[in-house]
Amino acid sequence: MDQDKYLQILRSSLEEKKSEILKNVNAEYEKLLKNRLNQLDEVKRKVLKELS
């Protein structure tokens, strides 16, 4: 019985860590995507300026 409780605690702890890691990865990925989008908007602005 103690073993089951220990495994349950471990599983819960791992799930919390997994959730935390995924949250951090998603936040970093979102930041990178926004940065890239801003770069692409800047390129678009320069191209449109050159064409006009």
Side-chain angles (χ1 to χ4, degrees):
M1 192 60 140
D2 287 341
Q3 211 174 21
D4 288 342
K5 185 162 179 79
Y6 177 71
L7 287 174
Q8 187 178 13
I9 292 169
L10 259 179
R11 192 173 288 123
S12 177
S13 177
L14 285 173
E15 284 296 324
E16 286 177 25
K17 282 290 182 192
K18 175 183 163 187
S19 178
E20 182 182 328
I21 289 168
L22 285 175
K23 182 178 150 190
N24 290 339
V25 166
N26 285 337
E28 191 64 29
Y29 188 60
E30 184 178 348
K31 189 167 72 174
L32 289 170
L33 285 176
K34 284 180 179 179
N35 192 2
R36 185 65 176 139
L37 184 57
N38 287 338
Q39 290 173 344
L40 289 172
D41 281 342
E42 182 66 19
V43 169
K44 179 178 125 184
R45 188 186 64 74
K46 287 178 180 178
V47 168
L48 288 175
K49 184 177 179 182
E50 286 291 322
L51 290 175
S52 60

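The chain is numbered in sequence order, starting from 1. Remember, it's a predicted structure, so these values are computed and weren't measured experimentally. Heavy atoms only: backbone and side chains are in, while hydrogens, waters and symmetry mates are out.
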- Hydrophobic cluster of L32, others only, ordered by chain and residue number, side-chain cut-off 4.5 Å: none

Compile the donor-acceptor pairs under 3.5 Å between side chains in residues 33-46 and protein atoms, sequence neighbours left out, one pair per line.
unit_1, atom_1, unit_2, atom_2, d
K34, NZ, E30, OE2, 3.2
R36, NH1, Q39, OE1, 3.2
N38, ND2, K34, O, 3.4
E42, OE1, R45, NE, 3.4
E42, OE2, R45, NH2, 2.5

Please list every donor-acceptor pair under 3.5 Å in which a side-chain atom of residues 6-19 meets a protein atom from a residue at least two apart or in another chain.
none

